[in-house]
Structure formats: C-alpha cells, structure tokens
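Structure first, commentary second.
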Amino acid sequence: MDAIKLASDLDYDALPGLSAESREKLRRVRPLTVGQAARIPGVRQGDVALLMALAKKKDAP
C-alpha cells in the first residue's frame with residue numbers, strides 16, 4: 001500500500017463515504033500514500049479501501 005500514491009492536494013471533504021473521523025485525521029496528517037493513511041490511528045479499513053479505489057481509478061487509462 002506504500003506504493004499507492006495519494007495526491008498532496010486531495011480534498012478529503014469531497015470524498016463521499018469517508019467517515020467523519022477519518023476525514024478529520026486525513027486532513028490533519030495529509031498522508032502521501034495509502035500505506036501511511038492506513039497507519040493513522042482512527043482511520044477505518046473501509047476508508048483505506050476507498051482511498052485505494054480512488055487512487056487506482058485515477059491511474060486508470
């Protein structure tokens with residue numbers, strides 16, 4: 001998951017389905033990868049899966 005990059009300017013408020021607690025923590029930490037996001041205490045596994053799907057969708061042709 002550390003190989004899956006997240007945009008540095010990602011707007012977590014605009015992501016539907018992201019829990020409020022995860023949104024707050026992600027805004028504060030601004031992880032650069034999905035792996036970093038997964039290691040933030042309080043970020044749920046479902047929210048990590050959402051970030052992975054978003055990152056892979058962005059990389060799709």
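Note on Leu32: it does not cluster hydrophobically with Val43, by side-chain heavy-atom contacts below 4.5 Å among ILVMFWY residues.
Between the Arg27 side chain and the Asp13 main chain, no donor and acceptor come within less than 3.5 Å of each other. At distances below 3.5 Å, at least one donor-acceptor pair connects side-chain atoms of Arg30 with backbone N or O atoms of Leu10.
Taking both residues in full, the closest heavy atoms of Gly17 and Leu50 are given as C-CD2, 4.2 Å, listed atom of the first, atom of the second, then distance. Pairing each heavy atom of Met52 with each of Val34, the nearest pair is CG-CG1, 3.4 Å. Of all heavy-atom pairs between Gly42 and Ser22, the closest is O-OG, 3.7 Å. The two residues Asp2 and Gly35 have their closest heavy-atom pair at OD1-CA, 3.2 Å. Arg44 approaches Ser19 most closely through the heavy-atom pair NH1-CB, 3.6 Å.
Separation of atoms CG (Leu18) and NZ (Lys25) is listed at 13.0 Å; rounding is to 0.5 Å. Atoms OH and CG, on Tyr12 and Leu54 in that order, are 9.0 Å from each other to the nearest 0.5 Å.
Side-chain contact between Leu6 and Leu26: absent, with no pair of heavy atoms (C-beta onward) separated by less than 4.5 Å. Residues Val48 and Met1 are in side-chain contact: their nearest non-hydrogen atoms beyond the backbone lie under 4.5 Å apart. Between Ile4 and Lys56 there is a side-chain heavy-atom pair separated by less than 4.5 Å.
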Stepwise side-chain contact (heavy atoms from CB on, under 4.5 Å) test for Leu51 and Leu15: CA-CA 9 Å; Leu51 293 174; Leu15 297 178; 4.0 Å; yes
